[in-house]
Amino acid sequence: MSTATAPVEKEPMVLNKRTIILIFSALMAAMFVATLDQTIVSTAMPTIVGELDGVEHQAWLVTIYLLAMTIVMPLYGKFGDMWGRKIIFLVAIAIFVVGSFGSGMAQNFWELIAWRGFQGLGGGGLMILSQAIIADIIPASERGKYMGPLGGLFAISSVLGPVLGGFFTQHMDWRWCFWINVPIGIIAFVIALFALKLPSHKSDKKVDFLGIIFMVAATSQLILVTSWGGHDYAWDSPTIIGLIMGTVVAAIIFVVVENKVSNPIIPIHLFKNKTFVLSTVIGLLLGLGMFSAMAFLPTFMQMAAGTDVTGSGLLMLPMMAGVMLTSIVSGIIVSKTGKYKIYPLFGTIIAGIALAWMTTMTADTSMVLIGCMIFTMGFGLGLVMQIIVLVIQNSVAPEMVGTATSTNNYFREIGASVGTALFGSIFTSRLADKISEAMQQIPAGGAGGAGAGAPTTDSLTPESVASLPGPIHDLVVNAYADALAPSFWYMVPVFLVAFVLAWFLPQLKLSDVAGMVARGEAVYGEDMGGPSRGVTAGVAGGASTRVAGGASAGVNGGASAGVAGGTSAGVAGGPTRGVDDGQGGQGGQLHGQRLSTISVAEGRAPEPGVDSGTIHHGEPTAGRVEPGADPSKDQYRLK
């Protein structure tokens, strides 16, 4: 045996309330600018594209950001699990801030598009890593109290974005829509740099470059289909058909690649986990129904109420209030009771009822009544949005939290893109028919003739509608309402399917150990229960033994034995099994490796006074359960 000195391990991070609050503050700031930037451009877009001569290609302002953000989501999740999240989180903030500054300095349209895409590469990381880091520092049993405010923050930024965009455009300069991210991003970077004391890893696993290539190819083509279809190109045009075929081919090859490589970007075995699959599909349906239903509502409210671009955002405040209320309250209750299944059930059915209620809207519906409708929608969504993320993180091994979180968000964004495209196509088709019918109601010679001043669906904006003659204005607003409201019926079944799936969500016990503690990378401070919390485990005979690094050892007929760094070995009459990143390792991978922790061999308890030893080689345990196949065995099992 080699006499080489074992490397000195770093002291585990101490998680106390002050540290958690500082980290959470940095995450909140990062999440705020990332979500704000998805909506702040919407009200400023006409001014931006007009000044930079990009009216014909204005959709690219939104498409490029969505495309870049969606593509990198799985990468940030996987790389964070492999190498640690701090440095990657700082890189994401830096990319986002630089992209924001460059976007504000752009002198022509395509320069702005390039910077906007660069900004999206950072924005995707901020959203994913923030959620994953929360799972690292806060146990699932307490995470609801923190996920609730994040859901509320998402609602605030979604509504505040259009308001700020309109304010900057009208009273300052549209470039401040991007520059506002710079000071907030710098503050988040500084806090994260000093407070985010997360460990880094040295992974010897190969990066799945082939999987990345085909994932990017499939995602890019799908986003382009949903962005261009029915707008820039007809759905049956060669361009759209070619992109659809390319998406399918790339997706099939991606699945094949992920099944064969040793370290896939999106591990296929995750889809053997019932809780993960159900939660991810619910998230996808939520994105499909929510974003598609809300995409056209602000424009209608501007037309019906005659408000300006700034005021239109304020009309969405009831929805924000509903999301905030139920996100925070449900999070607190889940933390106290440990029960979560009821909230997706109630949330999906309430959102579906709200959507059905919105089908009754007309041009004469009062703003107060519309406010009640969208408050109800927000009330339902708030019960689901963050709970689903919590359920997914709780259903996988701590080494897989980043990958699972990013995969869930990835499919939700895919759902949002597809849903918005489908709903937009249905609505636009109905709108063209309704406007054509409305124009036929104008008497010949009235208001300049039936065809005079008649708008097309392509030129239909709140500003153009407001400038129409009185009779035509009323007809167009009525036509818009008659086209929009019934279209919501197409989205109601989406929430009903999500409701049915929520019935089958298993009610798992929420872990009371944070991810970093489960992996042996941190211990709790005295104000969080002390170092003994979550780091002890039963040994044969019921005794308890502390393990270096905060992991735990259970030695009794096949229990798991935690070793420093979060690796574990199954002990059943002697055989050992390495577990790395939530996947079944090979028996004997750790043969002869010197560890600065207790040793476990042949099912024997550690000897008194021994704090180092060797894990001996053995055959893999027969019939072991792979991670993802049984969610109950993927919990933070360190008790």
Side-chain angles (χ1 to χ4, degrees), residues 63-83 117 120-121 124-125 128 203-229 232-233 235-274 276-281 283-285 287-288 392 396 400 402-422 580-584 626-629:
T63 301
I64 192 65
Y65 186 84
L66 176 64
L67 177 60
M69 186 177 66
T70 306
I71 285 174
V72 298
M73 278 183 174
L75 305 185
Y76 277 111
K78 184 65 177 182
F79 294 160
D81 286 341
M82 289 175 62
W83 301 319
L121 296 178
I128 296 303
S203 176
D204 56 357
K205 291 187 174 183
K206 295 181 179 179
V207 176
D208 179 17
F209 289 110
L210 197 59
I212 293 174
I213 291 172
F214 285 105
M215 184 200 69
V216 170
T219 306
S220 301
Q221 292 178 99
L222 179 60
I223 296 295
L224 292 177
V225 167
T226 58
S227 300
W228 288 351
D232 298 85
Y233 301 93
W235 284 106
D236 58 353
S237 67
T239 300
I240 297 300
I241 293 175
L243 286 172
I244 292 174
M245 293 176 62
T247 301
V248 173
V249 171
I252 292 174
I253 297 175
F254 173 72
V255 173
V256 172
V257 169
E258 298 304 273
N259 264 315
K260 293 184 177 297
V261 298
S262 60
N263 187 34
I265 290 294
I266 299 180
I268 302 301
H269 71 73
L270 279 177
F271 296 92
K272 298 177 183 178
N273 183 325
K274 178 182 176 181
F276 175 84
V277 172
L278 288 174
S279 300
T280 298
V281 175
L284 185 148
L285 294 174
L288 193 152
I392 281 181
V396 299
M400 294 289 291
T403 300
T405 303
S406 62
T407 302
N408 171 257
N409 279 268
Y410 172 79
F411 281 105
R412 189 185 67 186
E413 291 295 332
I414 293 296
S417 300
V418 173
T420 302
L422 292 178
D580 192 4
D581 286 348
Q583 304 176 57
E626 293 292 341

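Numbers here simply count residues along the sequence, with the first being 1. Because only heavy atoms are used, hydrogens play no part in the values below, and waters and symmetry mates are left out as well, while side chains stay in.
Between Ile265 and Pro74, the shortest heavy-atom contact is CG2-CB, 3.8 Å. Across all their heavy atoms, Leu270 and Ala404 have their closest contact at CD1-CA, 4.4 Å. When all heavy atoms of Ala68 and Gly117 are compared, the pair lying nearest together is CB-O, 3.3 Å. Nearest heavy-atom pair, Ile241 versus Asp236, reported as atom, atom and distance to 0.1 Å: CD1-O, 3.4 Å.
Partners of Thr405 by side chain to side chain donor-acceptor pair (under 3.5 Å), not counting sequence neighbours, listed by chain and number: Gln393. With sequence neighbours excluded, no residue forms a side chain to side chain donor-acceptor pair (under 3.5 Å) with Thr70. In this view, Val225 and Trp235, Ile240, Leu243, Ile244 satisfy the side chain to side chain contact (heavy atoms under 4.5 Å, CB included) rule, not counting sequence neighbours. In this structure, the ring-ring contact (aromatic ring centres under 6.0 Å, His included) partners of Phe79, at least two apart in sequence or on a different chain, are Trp83. Among residues two or more places apart in sequence or in another chain, the side chain to side chain donor-acceptor pair (under 3.5 Å) test is passed with Asn409 by Gln131, Arg412. In this structure Val281 satisfies the side chain to side chain contact (heavy atoms under 4.5 Å, CB included) test together with Val277, Leu285, Leu501, sequence neighbours excluded. Residues passing the ring-ring contact (aromatic ring centres under 6.0 Å, His included) test with Phe276, sequence neighbours excluded: Phe271.
A donor-acceptor pair is defined here as one N or O able to donate and one able to accept, closer than 3.5 Å; such a pair exists between the side chain of Glu258 and the backbone of Ile266. Listed for the Asn263 side chain is no donor-acceptor partner under 3.5 Å among the backbone atoms of Val207. No donor-acceptor distance shorter than 3.5 angstrom exists from the side chain of Lys206 to the backbone of Ser262, with no hydrogens or angles considered.
Annotation: the span from Met73 atom CE to Glu413 atom CD amounts to 4.0 Å, rounded to 0.5 Å. Taken to the nearest 0.5 Å, the CG atom of Leu224 stands 8.5 Å off from the CD1 atom of Ile64. Rounded to the nearest 0.5 Å, atoms CZ (Phe411) and OG (Ser406) are 10.0 Å apart. Here the CD1 atom belonging to Ile268 is positioned 5.0 Å from the CG atom belonging to Asn259, to the nearest 0.5 angstrom.
Using a 4.5 Å heavy-atom cutoff, the side chains of Leu210 and Val261 are not in contact. Considering only heavy atoms from C-beta on, Met400 comes within 4.5 Å of Pro267 through its side chain.
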Would you tabulate the side-chain donor-acceptor contacts of residues 211-223 under 3.5 Å, counting partners in other chains and residues two or more places apart, or write 'none'?
from: Thr219; atom 1: OG1; to: Met215; atom 2: O; distance (Å): 2.8
from: Thr219; atom 1: OG1; to: Tyr410; atom 2: OH; distance (Å): 2.5
from: Ser220; atom 1: OG; to: Val216; atom 2: O; distance (Å): 2.6
from: Gln221; atom 1: NE2; to: Ala217; atom 2: O; distance (Å): 3.0
from: Gln221; atom 1: NE2; to: Gly246; atom 2: O; distance (Å): 3.2

